[in-house]
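Reviewing the structure listed below.
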Amino acid sequence: MSRATTLGIALALSGLPACTTGRVIWIPDRGEAPAGAAAEQAQEVSPFSGLTELMGDEAPAVAPEPFTLELEGTAIALEMLPLTFPSGEVLWMSATEIPWEAFDVYTYGFEIPRERRVAEFDGATRPSKPYGSPDRGWGHEGFPALSLTAFSAELFCDWLGARTATSLRLPSQSEWLFAAREGAAGPPRFSLADPDRELPSDLGTAVGWAPANGPRTVELAELEPNALGFSGLLGNLGEWARIHVADETAHVLCGGHFLDADAERVPGRRETQQSTWNQTDPQNPKSRWWLSDAPFVGFRIVATSPPELP
Amino acid sequence: MSPLDRRTLLKTSAAAASVAAIPRMAFAGGQDTLRIGLVGCGGRGTGAAIDCLSSSEGIELVAMGDLFGDRVESSKNYVRDEYTKRERGAAFKVTDDTTFVGWDSIDRVLESGIDVVLLATPPQFRPMMLRNAVDAGVHVFMEKPVAVDPTGIRSVIRSGELAKSKGLGIVSGTQRRHQGSYIDTLERIKDGAIGEIVGGDCWWNQGGLWMNLRKPEWTDMEWQLRNWLYFDWLSGDHIVEQHIHNLDVMNWALDGFPVAATALGGRQVRTDPAYGHVFDHFAVQYEYAGGQIINSQCRQIDNCENRVGERLVGTHGTADPNGRIFGPNEWSYTGNAQNPYVQEHADLVASIRNGTPINEAERVAKSTLTAIMGRMAAYTGKKVTWEFAMNSKLNLTPAKLEFGDLPVPPVATPGETRLV
């Protein structure tokens, strides 16, 4: 992702009003004019038109290989799996949600040798150091990083991309859906009784999701991968993805999370950020980086190409 | 605030008022207008000004002050915008004439015809500002901690007594005291849900916090003020600045204050001079009058196991005072999650309006002293009794509060640093 794109996103985010209307959106895709303002908005940002564009009959010339995205000298080692769309387009998506040990490198500057860290640390372009323990005591290494804003997630991509010579960004919702639906082509089916509700039975299975210790995250290694090799898409944390609204990039949280009932953890579920997600951040302005009251928010990343060879 | 939010809050606030002496829901009903002044316009002070407005009807912000012009201006602009967004723009009444910069801005704010002052400067200044506010006959919301040394603690206790005699309210920013999950759990514990408390643990273990690299034009004093976390005389060290929250909960559970503390601590990893002279870890053993031992840990070191919270052990079970009882009387809090940072203002405002102002000064002063005695024990390596700490002559305030030279004290060395 180019610097210009990132700045554009940052500006768009800072210009967004505090969202008080955020809610769960069940995405309709029935080809008919939806009624009401909410439905209109949902249609406007429906990802399935994008999904259609990813469909096609071009086969990739060479079967893409997975790779491990590493940042030397740090704990960052992200398994990136290829996602081949019927259109022939290929992306690599992280097999899991981004773990704390990877995000910590960004927050605390662990890629900078310790003796130079104080002088070279640029606090303006890194997450603020949290006052408290955002992992909620649920586990750190091997557990997904949580409570992060979409702004944090985008800038993590930019930061890691620059250091690994890889083009990284958050997935679009279409791309995310394609992975979550295990490559299923065509629009999702909807319940006859509740036409706005996507049918879980039609979708990628929410495998390996059984939090034994109440509503909280589980270790990434405990989650079974879906048919494409991705784990945790329909559970653990909700995940940030990009959508486009009126030529601007915005973000939605996809796929459901540990607070949701089983039937709610489906690919078509998404939420927009609400003011309650950071209401007890005691500082004002409230953090651009952390969501004090949204421990159910996480992310994964995509690469549009493998790392450039030196 | 949207009309919908306001309706909801009004409805719930009316319901809560009928069942509790101190309303447990935010949004205290408006009677007379309360005029508010803010001193200390950093992120927390700015937040407090907004939380206070959100808490109650009939609030007006009329004056703001800070030592630094850049802080007061950015805060003013932010608060004005937030008030406008909440359709309460008319409540923002700060003008250029009621915006104050400098060491004496507390006095200028107090002269602005205010009813309540919000004190959110670094804790060094709290005892002096509290005293001035009480002398001026003004109610107080003050952030925690409320002092950095025993001299300051005694001043806060005296001001609290004076406030009581004058009918003034004082609420402090130990917001767990205003948080439903803690209030309900502590009630159950006091009703015997885990039997007699025999001990407990509390933690504030996390990574490091923000730091501002020194600019060439800054004097020693300005550099230290803009990095106040890292200087004992300004913050009290992180055991006082941060861990007081957990220690206050332990005192709450045990209905008292520790009789003695012994401690380990040091500055092992965060050693760069940019971080002043404070420690990066403490482990304190507190003894209480009933023989209970509370083990406390606090750490600000990156890339280590983190934990923030408390645990109590009783003869019939254990508790996480933030909403869980374990054992025969197993229970989980399912009540509302009202924002405690707003609730603490709602409680203060409601108590002022109903003529029985809350006065938390002595309690929060003694919980702050709990943290200070832990620091004294860690810095010196000695056992520190409550009586010693309460009577200690330790006074960290520099001889002169003015911009200029101010050497950094040496890092404390257990076994050598003298217990004062």
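Note that these values count all heavy atoms, side chains included, but never hydrogens, waters or copies made by symmetry. Proteins get letters first, then strands, A, B, ... in listed order; numbering begins at 1 in each.
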A:A75 versus chain B, the contacting section by heavy-atom distance below 4.5 Å: neither
Engaged part of B:E241 at the chain A interface, taking heavy atoms whose separation is under 4.5 Å: both
Is it the backbone or the side chain of B:L213 that comes under 4.5 Å from a heavy atom of chain A, or both, or neither? side chain
Kindly confirm or rule out a cation-pi arrangement of A:R126 over A:F121, judged by NZ or CZ under 6.0 Å from the six-membered ring centre and within 45° of its axis? yes
Is the B:W204 ring parallel, tilted or perpendicular to the A:Y131 ring (thresholds 30°, 60°)? perpendicular
Applying a strict 4.5 Å limit to non-hydrogen atoms, the region of A:P134 in contact with chain B is neither
Counting heavy-atom pairs under 4.5 Å with chain B, the top scorer among A:G139, A:P282, A:A119 is A:P282
What part of A:R117 gets within 4.5 angstrom of chain B, counting heavy atoms only: side chain, backbone, both, or neither? neither
Under 6.0 Å between ring centres: does that hold for B:H238 and B:F282? yes
Test item: A:K129 side-chain N/O and B:W210 main-chain N/O as donor-acceptor pair under 3.5 Å: no
Greatest number of non-hydrogen atom pairs under 4.5 angstrom with chain B, of A:E101, A:R136, A:R114, falls to A:R114
Under 3.5 Å donor-acceptor, B:R267 side chain and B:V278 backbone: yes
Which of these passes side chain to side chain donor-acceptor pair (under 3.5 Å) with B:Y182: B:R176, B:Q175, B:R177? B:R176
Taking side chain as everything from C-beta outward and backbone as N, CA, C, O, which of these in B:V269 sits under 4.5 Å from a heavy atom of chain A? Side chain, backbone, both or neither. both
If I measure from the heavy atoms of chain B, does A:T280 come under 4.5 Å with its side chain, its backbone, both, or neither? both
Out of A:G132, A:G123, A:G137, return the one with the most heavy atom pairs under 4.5 angstrom to chain B. A:G132
Turns out that what part of B:D81 lies under 4.5 Å from chain A's heavy atoms comes down to neither
What's the verdict on side-chain hydrogen bond (donor to acceptor under 3.5 Å, both in side chains) for B:Q242 and B:Q300, showing C-alpha distance, side-chain angles and the deciding distance? CA-CA 10 Å; B:Q242 218 171 31; B:Q300 288 185 352; 2.9 Å; yes
Close side-chain approach of B:H345 and B:S56, heavy atoms under 4.5 Å: no
Heavy-atom proximity to chain A below 4.5 Å, by part of B:R44: both
